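Because the structure is predicted, anything quoted here is derived from the model rather than measured. Each chain gets a letter, A, B and so on, in the order the sequences are listed, and its residues count up from 1.
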Amino acid sequence: MEKEEKLRCPRCGSINIIEDSDTGELVCAECGLVISVGIASNMKDWRAFDSDEYVKRAHTGAPISPVRPSFGLDTGIIGQDSASKKSVRKLRRTKRHVSDSKEKTIEPALMKIKEIADALNIPEETVEDAARLYRMAAHKGLVKGRSMDAMVAAVVYAACRRTEVPRTLENVASFFNLKEKDVGRSFRFLFRKLGIKIPPPKAERYAYQICTKLNLPEEVAAQATRILKIAKELGATMGREPVGVAAAAVYMACNEMGIHRTQRELAQAAEVTEVTVRNRYKELLEKVRPIWLKQRKEGEKRAALAEAGGR
DNA sequence: TAAGATAAGAGGGACAT
DNA sequence: ATGTCAGTCTTATCTTA
């Protein structure tokens, strides 16, 4: 059935490597790692599955460099890589490969992926990943007998997670008029069966997204990112929904910078409840704020010194 | 009106059976 | 496969400043 190469997946060691004839990419059929080219380089950390584990096994160093993340959503930042045209063609050209009927049945799903991607402003890179995941699922017979919408929703959501595009289950589910929990169920089913580990979403991504929604200055996002970094190091985000933590961090950054935003506004932007924002905020106040303020003070001091010295 | 507090209920993960 | 357990988040309601 599957093509086999003499290659081994560097992540899971499987020799079950599929070649995507369109892109020439080598993809591990077991875990989905793209071996030769593509998004693999963007996906750094795979080990953890849920939020708890993520913090427990938090990679120590490696500060998440806040280098202009492309946070998407209605801002013009998405079209960075101008490969859109190429990848659309890539998606269309799926029939050329593999003669069997499976590829044919996949086509409508790919179209749906395109549709939802347009609606939710999802970048091409993510669309391709979703298509790739759907193919893997189809080849393993995981789609048969299940709602195609739910499966498409699941792979789109998964691709968003893998490529760190901040979209919630709710975002994806509502496009298909599905319930969040149903998409979630499909998502978990699919990726348990595929054996693919998908890293938890990063709170920093949501922080930027929230700031964008509320038209907050970049400095707020930068401060929120620092808060989140400290929170992570302290384990204060353990087991919490990243988007909720992000909302609280942004709220705290606003407060500290004299920008008035209510908890309700943050809650709405993050699509969580006020209670969640409150609870996360409370935790951040206790655990993170002291350290954060100290670091800020030190940072300012350094900046002042540097400026004085530079003159 | 914003924010804090509390309680009941749901859904899901870990773990054991 | 099914059940229990601990923990989170949501909804609803009430209180406080």
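Following rounding to the nearest Å, Glu274(A) (CD) and dC14(C) (P) show an atom-to-atom distance of 16 Å. Distance Tyr281(A) OH to dA5(B) C1': 16 Å, rounded to the nearest Å. The CZ-P distance, from Arg280(A) to dA3(B), rounds to 17 Å in whole Å. Taking atom CD of Glu283(A) as the reference point, atom P of dG4(B) lies 13 Å away to the nearest angstrom. Rounded to whole Å, atom C1' of dG12(B) lies 12 Å from atom CD of Glu241(A). Distance CZ (Arg185(A)) to C1' (dA10(B)): 12 Å, rounded to an integer number of Å. Distance Asn279(A) CG to dT11(C) P: 14 Å, rounded to the nearest Å. As rounded to whole Å, 16 Å separates atom P of dG12(B) from atom CD1 of Ile198(A).
Every residue meeting the side chain to side chain donor-acceptor pair (under 3.5 Å) condition with Glu219(A), not counting sequence neighbours, appears here in chain and number order: Gln223(A). Residues that satisfy the side chain to side chain donor-acceptor pair (under 3.5 Å) test with Arg261(A), not counting sequence neighbours, are absent from this structure. Listed by chain and number, the residues in a side chain to side chain donor-acceptor pair (under 3.5 Å) with Glu256(A) are Arg289(A) (sequence neighbours excluded). In this structure Glu265(A) satisfies the salt bridge (Lys or Arg N to Asp or Glu O under 4.0 Å) test with no other residue, sequence neighbours excluded.
Of the residues near DNA chain B, Glu180(A) and Val275(A), the one whose nearest nucleotide (by heavy atom distance) lies more toward the 5' end is Val275(A). Position along DNA chain B of the nearest nucleotide to Arg278(A) versus Asp182(A) favours Arg278(A) as the more 5'-ward residue.
Out of dG12(B), dT8(C), dG13(B), the shortest distance to the side chain of Arg240(A) is found at dT8(C).
Side-chain N/O atoms of Lys282(A) include one lying less than 4.0 angstrom from OP1 or OP2 on dA5(B). Regarding contacts with the backbone of dG12(B), a side-chain N or O of Arg188(A) is found under 4.0 angstrom from either OP1 or OP2.
In the hydrophobic clustering, where aliphatic and aromatic side chains (Ile, Leu, Val, Met, Phe, Trp, Tyr) are joined below 4.5 Å either directly or transitively, Leu228(A) groups with Val245(A).
Within residues 248-271 of chain A, no residue has any heavy atom under 4.0 Å from DNA chain C.
A salt bridge is absent between Glu300(A) and Lys297(A); no separation between the charged side-chain nitrogens and carboxylate oxygens falls under 4.0 Å.
Annotation: side chain of Ile116(A) is in contact with side chain of Phe176(A) (closest heavy-atom distance under 4.5 Å).
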